[in-house]
Amino acid sequence: PRLLMPWEPLAFLLEAQLAPYYAVGGLSFAAMFTSLTLLPIYLAQPPYSLSPSIIGLTYIPVGVGMLAGSIFGGGLSDASFARLGQGGRCPDSRITWVLPGMWLVVAASACFGFTLQQGAHLAAPLIVQSVLGFGQSMQMSATMGFLSSCKHDQAGAAGSVSLFLCFGSSAVVVSIAVIVSEAIGVAYFFLIAAGFVAAAALWATVCNLTRVFGPAAADAEAKDDADAALPPAAEASFSSAFSDGKQPPKLGSEPASLQVSIVMQV
C-alpha cells in the first residue's frame, strides 16, 4: 500500500468516465447548500417575518427529504446495477435509474428562488427545498457506489474528490450568493444555478446512456453470449467423430500406449 499525496486524487477529474458525475455532484450540492444558506435570510423578512426558533424548525422538511433520498437512491442504484450491470463490467449502470434525481435538482432549483421572491405560502419553499434535497442525496448515494465500483483499490480517494468538489463549489457559490441574489433577485440567481446543474446533468445523462445502452455495451453483451455457448465447429467435429453410434472410448480400460493413441485421434 502507498499513501497518496493529498493532491494526487484530483487526477480523477481528468478521467472521462468520472468527470460528468463529479461535475453534476458538485454543482447540485452547491445549489442545495446555497438554498440552506439563503432560506433563513428571506424567512426573517416580510412577508414571513419568522423568529429564529421557528426558522430552525423549517430545516426539518429538507432533512427528511435528504434522508429519504439517500436511502432510496442507494437501493435504486444497487437494483440498477443488478439489472443493467452486464455482470459487473458496467459501473455506470449504478447511476442509470437514478438519473431522474439529477433533474429533480434542476427543477427544484429553478422553482425555489421564485417561491421566495414572490412571497409564496411558507409551505411552497419548504416543499421545493425538500425535493431539492431528495434529488441531491439520491444521486449522491448512487455516485458514491459508482466510484467504489470503478476504483476498487482507491474508492476512498475517489470519494474524497467528490466531497472536495461539493464543499469547494458550495464555498464559492455561498460567498457570492447574498450579493448576487440582492442585485438580480433570488429567483434569477437560482435560475442561473439551475442552468449550470442542467448542463452538467445533460452531460452525465448522455455519457451514462451511451455507455450502458450504446454499441459498445451491445457488442460486449453479444460477445458474452457467444463465449457462453459451445462453438458450433467444435460441436460438429465432436459429433461427427462418433456419428456411427459408438460410445467414446473410456480411458483407463486399455494399455497406456493405446490410451495415448485414442487421445491423439480424438
Side-chain angles (χ1 to χ4, degrees), residues 10 13 19-66 69 99-140 143 160-205:
L10 294 178
L13 294 173
Y21 308 117
Y22 278 139
V24 71
L27 291 173
S28 62
F29 186 88
M32 184 201 68
F33 198 86
T34 305
S35 75
L36 297 175
T37 304
L38 295 183
L39 180 66
I41 297 176
Y42 286 89
L43 293 186
Q45 301 173 0
Y48 304 107
S49 302
L50 300 181
S51 65
S53 58
I54 299 300
I55 291 177
L57 295 177
T58 61
Y59 283 99
I60 294 178
V62 66
V64 172
M66 294 172 65
L99 289 174
M102 301 179 184
W103 295 101
L104 279 179
V105 175
V106 175
S109 298
C111 295
F112 179 75
F114 283 100
T115 62
L116 292 179
Q117 185 164 307
Q118 298 300 320
H121 189 279
L122 179 60
L126 297 186
I127 291 175
V128 172
Q129 192 181 53
S130 66
V131 173
L132 174 57
F134 179 87
Q136 195 281 327
S137 297
M138 180 179 170
Q139 64 93 16
M140 181 60 70
T143 299
S160 69
V161 174
S162 179
L163 295 177
F164 170 80
L165 287 179
C166 287
F167 289 101
S169 59
S170 297
V172 173
V173 176
V174 168
S175 66
I176 64 172
V178 175
I179 298 175
V180 176
S181 62
E182 290 179 353
I184 66 175
V186 66
Y188 291 107
F189 174 81
F190 274 99
L191 191 62
I192 293 173
F196 280 101
V197 178
L202 180 61
W203 182 21
T205 299

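Heavy-atom basis, side chains included; hydrogens, waters and symmetry copies ignored.
Considering only residues two or more places apart in sequence or on other chains, Thr115 meets the side chain to side chain donor-acceptor pair (under 3.5 Å) condition with none of them. A search for side chain to side chain donor-acceptor pair (under 3.5 Å) contacts involving Ser137 returns nothing, not counting sequence neighbours. With sequence neighbours left out, Trp203 forms a side chain to side chain donor-acceptor pair (under 3.5 Å) with no residue at all.
Using a 4.5 Å heavy-atom threshold, the side chains of Met32 and Phe112 count as separate. Using a 4.5 Å cut-off on side-chain heavy atoms (C-beta onward), Tyr59 and Pro40 make contact. Considering only heavy atoms from C-beta on, Val180 stays 4.5 Å or farther from Ile192 through its side chain. At a threshold of 4.5 Å between non-hydrogen side-chain atoms, the residues Leu27 and Val105 do not count as touching. In this structure the side chain of Leu132 reaches within 4.5 angstrom of the side chain of Ser109, judged on heavy atoms. Residues Leu39 and Leu116 have side chains in contact (heavy-atom distance under 4.5 Å, counting atoms from C-beta outward). With a 4.5 Å cut-off on side-chain heavy atoms, Ser162 and Met140 count as touching.
When all heavy atoms are compared, the tightest approach of Ala110 to Ala194 is N-CB, 3.7 Å. Between Val128 and Ala108, the shortest heavy-atom distance links the atoms CG1-O, 3.2 Å. Considering all non-hydrogen atoms of both residues, Met102 and Val197 come closest at O-CG1, 4.5 Å. Of all heavy-atom pairs between Ala204 and Pro20, the closest is CA-CB, 3.7 Å. Heavy-atom minimum distance, Met138 versus Gly101: SD-CA, 3.9 Å. Looking at every heavy atom in both residues, Ser28 comes nearest to Gln139 through OG-NE2, 2.7 Å.
Residue Tyr22 places its OH atom among more than 12 non-hydrogen atoms of other residues, nucleotides or ligands, all under 6.0 Å distant. For Tyr48, the OH atom is densely surrounded, since the number of other residues' heavy atoms within 6.0 Å is greater than 12. Annotation: Tyr188, atom OH; neighbour count of heavy atoms from other residues, nucleotides and ligands within 6.0 Å does not exceed 12. Summarising the local packing, OH of Tyr42 is surrounded by more than 12 heavy atoms from other residues, nucleotides or ligands at distances under 6.0 Å.
If you look at Phe167 and Phe29, their ring centroids are closer than 6.0 Å.
Atoms CD1 and OG, on Ile60 and Ser130 in that order, are 12.5 Å from each other to the nearest 0.5 Å. Rounding to the nearest 0.5 angstrom, the gap separating the CG atom in Leu38 from the CZ atom in Phe189 is 6.0 Å. Here CG of Leu50 is found 7.0 Å from OG1 of Thr58. Values are rounded to the nearest 0.5 Å. Atom CG of Leu57 is separated from atom OG of Ser51 by 8.5 Å, given to the nearest 0.5 angstrom.
When each of Ile41, Thr34, Thr37, Val186 is tested with Val178 by the rule side-chain contact (heavy atoms from CB on, under 4.5 Å), just one qualifies, namely Ile41.
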